[in-house]
Amino acid sequence: LEPGDSRGLAGAKEELSSWLGQLDATHCEYELMARKGRAGERIVSLATETKADLIVLGAQNRSPLQTWSWGDTTEFVLRQAPVPVLVVPQ
């Protein structure tokens, strides 16, 4: 969670659980995590700590003028991640 996010950790975990419930993830292993802090830094840190094999990020829909640039979090993770990153359009 980014600083100032009003959902709190419990709300974020509930939202993530809802999204995962819509997926057919029977053939992959995953762990649901929610942490406070700057998103890009926390994602890269957790990937390192947990020895993740892959990071999957959702990309926000952007206007045509914004399509040339990823969001700040996605850009940071793509450049700093210790493992491959899959960016999925939402």
Side-chain angles (χ1 to χ4, degrees):
L1 293 173
E2 290 285 341
D5 191 319
S6 62
R7 291 178 297 175
L9 285 176
K13 286 182 179 180
E14 184 176 317
E15 187 173 340
L16 288 171
S17 292
S18 172
W19 291 340
L20 288 172
Q22 298 172 24
L23 301 175
D24 178 14
T26 56
H27 299 292
C28 65
E29 186 178 323
Y30 63 88
E31 184 175 350
L32 176 62
M33 296 181 174
R35 301 285 191 273
K36 289 184 179 182
R38 301 192 63 77
E41 294 170 6
R42 293 299 294 157
I43 291 167
V44 170
S45 173
L46 282 169
T48 302
E49 290 171 21
T50 62
K51 299 181 176 136
D53 296 319
L54 175 70
I55 297 171
V56 180
L57 296 175
Q60 296 177 352
N61 294 328
R62 300 172 96 53
S63 72
L65 294 175
Q66 295 172 315
T67 55
W68 62 272
S69 173
W70 294 105
D72 290 341
T73 299
T74 303
E75 185 72 27
F76 182 88
V77 174
L78 283 168
R79 293 183 185 279
Q80 302 296 323
V83 298
V85 179
L86 174 64
V87 181
V88 181
Q90 292 180 339

For this session: Among residues two or more places apart or on two chains, list those pairs meeting side-chain hydrogen bond (donor to acceptor under 3.5 Å, both in side chains) that have a residue in residues 79-89.
Result: Glu75-Arg79
Seminar exercise, completed: What one should report as the nearest heavy-atom pair of Gly40 and Thr73 is N-CG2, 3.7 Å
Problem set entry | Val88 to Val56 - nearest heavy-atom pair and separation | CG2-CG1, 3.9 Å
Problem set entry | Gap between atom CG of Leu78 and atom CG of Leu86 - 0.5 Å precision | 10.0 Å
For this session: Specify the closest pair of heavy atoms between Ala47 and Ile55, including all atoms of both residues, with the distance to one decimal.
Result: CB-CD1, 3.6 Å
Problem set entry | Sequence-distant partners of Ser45, side-chain hydrogen bond (donor to acceptor under 3.5 Å, both in side chains), two or more places apart | Glu49
Exercise. Looking only at heavy atoms, what is the nearest atom pair of Pro84 and Leu54, with distance?
Worked result: O-CD1, 3.4 Å
